[in-house]
Amino acid sequence: MAEDVTDIYQSFGEDRLPPGQRKTDRFPVLSKSGTPSWDRETWRFEVWGAVDDDLTLTFEEFTDLPSETQIQDFHCVTGWSKFDCEFTGVSFPTLAEAAGVTDDAVHVMFHSLDGYTTDLTLEECMRDDVLFVYEYDGEPLPADHGGPLRVVTPHKYAYKGAKWVSGVEFLTEHELGYWEKRGYSDTANPWNEERYS
Ligand SMILES: Nc1nc2c(c(=O)[nH]1)N[C@H]1C(S)=C(S)[C@@H](COP(=O)(O)O)O[C@H]1N2
Ligand SMILES: [Mo]
């Protein structure tokens with residue numbers, strides 16, 4: 001059974017639909033450049049930085065980690081929201097536990113195959129609904145939506161969720177990601193309309 005986490009808006013705002021958003025039933029694709037290709041044999045997921053053990057996982061090893069399925073909402077900073085997305089993957093806390101995060105870690109940088117990066121505080125990542133997703137609606141995650149593996153962040157605008165994620169770096173200092181360096185809000189709370197900084 002999928003866990004429904006679409007009520008998380010209650011800790012951020014009055015309405016499930018954040019201000020200034022409109023609901024869509026489509027699932028548009030938004031990428032800074034094209035869809036990168038990947039090869040199942042050579043693909044590796046890496047964890048490094050402020051951790052006890054650096055990790056290098058094959059796709060099979062990644063999908064062998066304890067997984068969960070959740071129903072989540074998805075909010076794009078350009079103004080559309082999609083309700084009730086079914087995502088299956090590994091939660092951020094599960095991955096963090098596998099690597100063993102050290103006490104001096106405060107921030108996280110996600111790295112992607114297309115050169116994209118995005119950052120969040122460690123605290124904002126340590127939620128069960130921050131998922132490394134490899135299935136959408138019970139099927140392998142489509143390549144244009146970030147397959148084989150992407151992050152979703154239902155408490156943030158969707159640019160905080162790296163598609164084609166290939167690595168996670170635990171940081172002892174605050175650093176900015178791709179869009180955050182180019183004027184997008186670093187905090188990105190949809191219910192406060194934190195779109196641009
Ligand atoms: N690697 C990577 N991740 C990315 C992006 C990107 O260009 N590259 N775009 C971001 C933006 S701005 C949004 S709104 C969502 C879009 O996800 P979707 O294409 O599945 O709708 O992915 C985010 N993650
Ligand atoms: Mo976006």
Side-chain angles (χ1 to χ4, degrees), residues 5-6 9 12 17-39 43-48 59 62 69-90 92 95 108-121 124-125 127 129-169 175-197:
V5 300
T6 57
Y9 74 89
F12 300 107
L17 188 68
Q21 295 291 107
R22 56 191 183 279
K23 206 169 156 290
T24 177
D25 292 324
R26 296 169 47 242
F27 194 177
V29 168
L30 264 144
S31 310
K32 71 171 180 65
S33 38
T35 296
S37 58
W38 73 294
D39 175 64
W43 185 92
R44 295 290 182 277
F45 183 82
E46 315 241 26
V47 182
W48 73 97
F59 188 66
F62 194 95
T69 298
Q70 295 179 4
I71 311 291
Q72 297 194 351
D73 295 342
F74 189 98
H75 308 293
C76 176
V77 70
T78 61
W80 54 267
S81 293
K82 182 171 168 55
F83 285 179
D84 298 318
C85 305
E86 188 185 306
F87 292 127
T88 301
V90 176
F92 191 96
L95 184 86
V108 173
M109 189 68 73
F110 297 90
H111 296 264
S112 296
L113 294 178
D114 63 341
Y116 189 80
T117 53
T118 187
D119 68 284
L120 276 175
T121 65
E124 299 265 36
C125 290
R127 301 168 51 101
D129 55 10
V130 174
L131 278 186
F132 294 90
V133 169
Y134 49 82
E135 279 179 21
Y136 172 66
D137 269 350
E139 302 288 337
L141 180 68
D144 52 358
H145 286 301
L149 187 69
R150 78 167 303 161
V151 181
V152 289
T153 54
H155 59 324
K156 298 290 178 188
Y157 287 121
Y159 62 87
K160 289 291 181 179
K163 304 200 283 188
W164 313 295
V165 67
S166 56
V168 176
E169 180 183 8
E175 288 180 30
L176 294 176
Y178 181 88
W179 282 125
E180 292 86 355
K181 280 184 194 157
R182 290 166 174 79
Y184 280 47
S185 165
D186 194 27
T187 47
N189 179 333
W191 291 274
N192 287 341
E193 288 210 79
E194 295 163 0
R195 296 178 195 270
Y196 307 103
S197 58

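In this chain, residues are counted from 1 in sequence order. Order of appearance sets the numbers: ligands from 1, and atoms from 1 within every ligand.
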Check ligand 1 against the protein and report each N/O to N/O distance under 3.5 Å, formatted as atom name, atom name, distance.
{"from": "ligand 1", "atom 1": "1 (N)", "to": "S112", "atom 2": "OG", "distance (Å)": "3.3"}
{"from": "ligand 1", "atom 1": "1 (N)", "to": "D114", "atom 2": "OD1", "distance (Å)": "2.9"}
{"from": "ligand 1", "atom 1": "1 (N)", "to": "D114", "atom 2": "OD2", "distance (Å)": "3.2"}
{"from": "ligand 1", "atom 1": "1 (N)", "to": "K163", "atom 2": "O", "distance (Å)": "2.9"}
{"from": "ligand 1", "atom 1": "3 (N)", "to": "K163", "atom 2": "N", "distance (Å)": "2.8"}
{"from": "ligand 1", "atom 1": "7 (O)", "to": "K32", "atom 2": "N", "distance (Å)": "2.7"}
{"from": "ligand 1", "atom 1": "8 (N)", "to": "D114", "atom 2": "OD2", "distance (Å)": "2.8"}
{"from": "ligand 1", "atom 1": "9 (N)", "to": "L30", "atom 2": "O", "distance (Å)": "3.3"}
{"from": "ligand 1", "atom 1": "17 (O)", "to": "R150", "atom 2": "NH2", "distance (Å)": "3.3"}
{"from": "ligand 1", "atom 1": "19 (O)", "to": "L30", "atom 2": "N", "distance (Å)": "2.8"}
{"from": "ligand 1", "atom 1": "19 (O)", "to": "K163", "atom 2": "NZ", "distance (Å)": "2.5"}
{"from": "ligand 1", "atom 1": "20 (O)", "to": "H145", "atom 2": "ND1", "distance (Å)": "2.6"}
{"from": "ligand 1", "atom 1": "20 (O)", "to": "R150", "atom 2": "NH1", "distance (Å)": "2.7"}
{"from": "ligand 1", "atom 1": "21 (O)", "to": "P28", "atom 2": "O", "distance (Å)": "2.7"}
{"from": "ligand 1", "atom 1": "22 (O)", "to": "R150", "atom 2": "NH2", "distance (Å)": "3.4"}
{"from": "ligand 1", "atom 1": "24 (N)", "to": "G161", "atom 2": "O", "distance (Å)": "2.8"}

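- Pairs of residues two or more places apart, or lying in two chains, that qualify as side chain to side chain donor-acceptor pair (under 3.5 Å) and include a residue from residues 108-120 are H107-D119, H111-E169, T118-E180.
- Remark: F12 engages W191 in a ring-ring contact (aromatic ring centres under 6.0 Å, His included) (not counting sequence neighbours).
- With sequence neighbours left out, the side-chain hydrogen bond (donor to acceptor under 3.5 Å, both in side chains) criterion links T69 to T88.
- A side chain to side chain contact (heavy atoms under 4.5 Å, CB included) with S185 holds for exactly one of W179, Y196, Y159; it is Y159.
- Ring geometry, F132 versus F45: the interplanar angle exceeds 60°, so the pair is classed perpendicular (tilted spans 30 to 60°).
- In this structure, R182 forms no cation-pi arrangement with Y184, as its terminal cationic atom is not both closer than 6.0 Å to the ring centre and no more than 45° off the ring axis.
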